[in-house]
Amino acid sequence: MTAAVLGGVSGMLLLSGCTAVDLPLAGVRVGADGAPYALFRPCGDDGYQGPSLDGRARHGGGGPVTTGWDVRKEGLHGDAEFPLFAPPGEWKARHRGAQRLLPGHRYTLAFGHYVAGDSYNGTVEFTTEQIGRLGPGQVWADGRAMRLGAFEKLAEDAC
């Protein structure tokens with residue numbers, strides 16, 4: 001009986017099209033050392049999971065991920081800022097391919113917060129060239145370059 005009820009609820013959710021909303025809660029900036037840094041700003045004290053960086057050759061369409069990393073650890077909390085290709089060691093990231101920005105690549109940096117009725121993804125998409133054009137104090141988020149303060153306000157308002 002329980003399995004039937006769970007199956008029915010799962011089926012209704014699938015048919016109703018419930019999905020996590022993409023919010024501008026992730027960004028990329030260039031540090032004083034010239035290296036790219038990832039920024040995650042989950043809503044309030046929300047936990048998150050599945051942080052990842054996927055890089056694909058732009059000319060490959062939806063081709064395979066050729067560079068990046070992913071994390072399976074759950075129960076992550078709080079804002080995070082770290083070198084783009086070096087997530088915190090305690091996350092135990094699995095790395096794929098070259099661990100640097102590659103020319104002609106499109107990247108997606110993301111994390112997710114999945115709770116019934118309140119699910120969202122923090123995402124940012126960018127190219128190597130877009131990050132290369134960032135000036136000091138700028139962040140790439142929501143499809144554009146902005147000052148760090150503007151990113152912080154954008155993330156806060158998105159929540």
Side-chain angles (χ1 to χ4, degrees), residues 18-115 118-159:
C18 293
T19 60
V21 175
D22 288 338
L23 299 175
L25 304 175
V28 178
R29 71 169 185 83
V30 176
D33 59 358
Y37 282 77
L39 303 169
F40 288 164
R41 299 297 187 259
C43 295
D45 292 330
D46 286 352
Y48 56 94
Q49 63 191 43
S52 64
L53 174 67
D54 291 338
R56 291 178 168 83
R58 280 196 308 251
H59 302 300
V65 172
T66 58
T67 179
W69 49 264
D70 65 84
V71 172
R72 293 191 178 169
K73 182 177 176 121
E74 295 189 24
L76 302 172
H77 288 276
D79 292 352
E81 183 170 345
F82 53 87
L84 186 61
F85 289 95
E90 63 271 13
W91 289 9
K92 298 183 177 157
R94 294 182 321 149
H95 296 273
R96 299 180 300 274
Q99 295 299 291
R100 66 183 185 285
L101 291 174
L102 299 173
H105 276 63
R106 172 166 294 286
Y107 292 86
T108 302
L109 176 67
F111 67 91
H113 169 76
Y114 308 115
V115 176
D118 187 27
S119 296
Y120 61 83
N121 298 307
T123 62
V124 62
E125 293 185 354
F126 59 93
T127 65
T128 302
E129 294 75 19
Q130 289 165 330
I131 301 307
R133 289 191 296 266
L134 289 178
Q138 288 188 309
V139 174
W140 185 268
D142 200 31
R144 58 195 159 102
M146 62 187 74
R147 306 290 299 162
L148 178 59
F151 168 68
E152 299 292 357
K153 177 140 180 46
L154 176 70
E156 183 179 320
D157 290 349
C159 291

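A quick note: this is a predicted structure, and the numbers were derived from the prediction, not measured. Numbering starts at 1 and runs along the sequence shown.
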Checking [X] side chain against [Y] main chain: does a donor-acceptor pair fall under 3.5 Å?
X      : Y      : result
His105 : Thr128 : no
Gln99  : Gly68  : yes
Trp140 : Thr127 : no
Tyr48  : Gly78  : yes
Thr67  : Gly97  : no

Over all atoms of both residues, closest heavy-atom pair of [X] and [Y]:
X      : Y      : value
Ala26  : Ala141 : O-CB, 3.7 Å
Gly27  : Leu109 : O-CD2, 3.6 Å
Asn121 : Ala20  : ND2-CB, 3.6 Å
Pro87  : His95  : CD-CE1, 3.9 Å
Arg56  : Asp54  : NH1-CB, 3.9 Å
Arg58  : Glu129 : NH1-OE1, 2.8 Å

I'd like to check [X] versus [Y] (side-chain heavy atoms, cut-off strictly below 4.5 Å). Are they in contact?
X      : Y      : answer
His113 : Asp118 : yes
Asp79  : Pro42  : yes
Val115 : Asp46  : no
Tyr107 : Val124 : no
Arg94  : Ser52  : no

Practice problem: Just do the side-chain contact (heavy atoms from CB on, under 4.5 Å) check on Val65 and Asp70 with the steps written out, would you? | Solution: CA-CA 11 Å; Val65 172; Asp70 65 84; over 6 Å; no

Exercise. Check the angle between the aromatic planes of Phe40 and Phe111 and answer parallel, tilted or perpendicular using the 30° and 60° thresholds.
Key: tilted

Self-check item: Value rounded to 0.5 Å, distance of NZ in Lys73 from CD in Gln49
Solution: 13.0 Å

Quiz item: Atom CG in Leu39, atom CZ in Phe82: separation rounded to 0.5 Å?
Solution: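 One finds 8.5 Å between CG of Leu39 and CZ of Phe82.
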
Name every donor-acceptor pair, under 3.5 Å, that has one atom in a side chain of residues 150-159 and the other anywhere in the protein, sequence neighbours excluded.
{"unit_1": "Glu152", "atom_1": "OE1", "unit_2": "Arg41", "atom_2": "NE", "d": "3.0"}
{"unit_1": "Glu152", "atom_1": "OE2", "unit_2": "Arg41", "atom_2": "NE", "d": "3.1"}
{"unit_1": "Glu152", "atom_1": "OE2", "unit_2": "Arg41", "atom_2": "NH2", "d": "3.0"}
{"unit_1": "Lys153", "atom_1": "NZ", "unit_2": "Asp157", "atom_2": "OD1", "d": "3.3"}
{"unit_1": "Lys153", "atom_1": "NZ", "unit_2": "Asp157", "atom_2": "OD2", "d": "3.0"}

Quiz prompt | Lys/Arg-Asp/Glu bridge criterion (N-O < 4.0 Å) met for Arg29, Glu81 | solution = yes

